Each structure stands twice: as structure tokens, then as C-alpha cells.
Amino acid sequence: MKNRSWAFLAGGLLVALLLAGVVSNYASSHPDGLDSSLLKGCTVDADDNIVGGSCPAQQARDHELADGPLADYGVRGVRNSFVSTGLSGVLGVLVTFAIGAGGFWLLRRRGSTPTDGDVATPTPAEDDAATSRAGTAS
């Protein structure tokens with residue numbers, strides 16, 4: 001890969017890490033649109049506890065991963081919410097980048113190794129170039 005490609009990739013990763021680690025803390029305090037739509041028809045207090053009305057959120061239960069290490073936009077065990085949210089975003093970016101880079105690496109390895117039965121066929125541009133060279137040699 002060329003140096004410019006590496007610089008572009010590193011710059012994009014740096015921007016994503018800054019957005020996830022710092023800017024995400026200034027996003028909406030209620031980022032989940034599904035949760036807010038399920039509360040329509042209910043009256044909620046400042047802590048988002050249902051105090052009246054009727055809505056689908058009254059039947060809500062925690063999912064299987066509610067006790068996971070990255071549940072609720074934070075890292076379990078980190079008491080500072082700013083650091084917890086930022087760290088969660090940074091870990092998400094790094095894991096996503098690693099999975100994407102690994103996938104591209106596998107595709108690149110797979111595409112660069114010809115099998116025994118493969119025969120190299122010229123592309124149309126190579127075929128035209130060979131034809132024009134043969135015509136000029138005559």
C-alpha cells in the first residue's frame with residue numbers, strides 16, 4: 001500500500017477515534033429512538049421512570065446482554081460517565097476497524113493467489129496492446 005493510502009487510513013481512524021472518544025459525550029442524553037418511541041402515551045419523570053399512562057414500554061424487559069461489559073453506551077466498572085462513554089466508543093471503533101481490516105486482508109490474500117487450474121487470461125486492455133504491438137512489428 002502506498003504511503004498516501006496509509007496516511008489517509010490513519011487520518012480516518014484518528015478522526016473516528018476522536019469522534020467516538022470525545023464528541024460522543026456531547027450527543028443526545030436520549031440517543032435511542034426506539035426507546036423514546038416506545039414511551040409515547042406514557043408520562044415519565046426526570047429519571048425516565050413511567051409514572052402514568054399506557055405505552056408499549058410498560059412490558060419492556062432487559063435483554064440477554066444487559067449485563068455485558070459495554071451495555072448502555074458505557075464500560076462496566078468505570079465510574080466516570082465521561083470516560084466510560086468515551087472508552088466504549090473507542091473500543092467500538094477499534095473492534096470495527098480490526099474486523100474490517102481482517103476482512104480486507106483475507107480478501108486480498110484470497111484474490112492474489114491463483115489456483116493450479118487457473119489460466120491467466122489477458123484483460124481487454126492487455127489484449128488490445130498485444131494486437132497493436134503485433135501490427136507494428138509487421
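Computed from a predicted structure; not experimentally measured.
- In this structure, Ser84 and Gly74 approach most closely via the heavy-atom pair OG-CA, 3.2 Å.
- By the neighbour-count criterion of 12 heavy atoms within 6.0 Å, atom CZ of Phe8 is sparsely surrounded, having that number or fewer from other residues, nucleotides or ligands.
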Could you list the donor-acceptor pairs under 3.5 angstrom formed between side-chain atoms of residues 49-62 and any protein atom two or more places apart in sequence or on another chain?
| residue | atom | partner | partner atom | Å |
| --- | --- | --- | --- | --- |
| Gln58 | OE1 | Cys55 | N | 3.3 |
| Gln58 | NE2 | Gly53 | O | 3.1 |

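- By the 4.5 Å heavy-atom criterion applied to side chains, Leu9 and Phe97 are counted as neighbours.
- Trp6 is connected to Leu13 through a chain of hydrophobic side-chain contacts under 4.5 Å among Ile, Leu, Val, Met, Phe, Trp and Tyr, so both are in one cluster.
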Going through the distances and angles, do Thr85 and Tyr26 end up as a side chain to side chain contact (heavy atoms under 4.5 Å, CB included)? CA-CA 10 Å; Thr85 301; Tyr26 300 104; over 6 Å; no

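- Leu17 has its side chain out of reach of Val22: every pair of non-hydrogen atoms, C-beta onward, lies at least 4.5 Å apart.
- Residue Val83 belongs to a hydrophobic cluster whose other members are Leu70, Val75, Val78, Leu87, Leu91, with links defined by side-chain heavy atoms closer than 4.5 Å.
- Proximity of a side-chain donor or acceptor of Arg76 to a complementary backbone N or O of Asp67 within less than 3.5 Å is detected.
- Cluster membership for Leu14 and Val95, using ILVMFWY side-chain heavy atoms within less than 4.5 angstrom, is not shared.
- Annotation: the span from Ser81 atom OG to Asn25 atom CG amounts to 7.0 Å, rounded to 0.5 Å.
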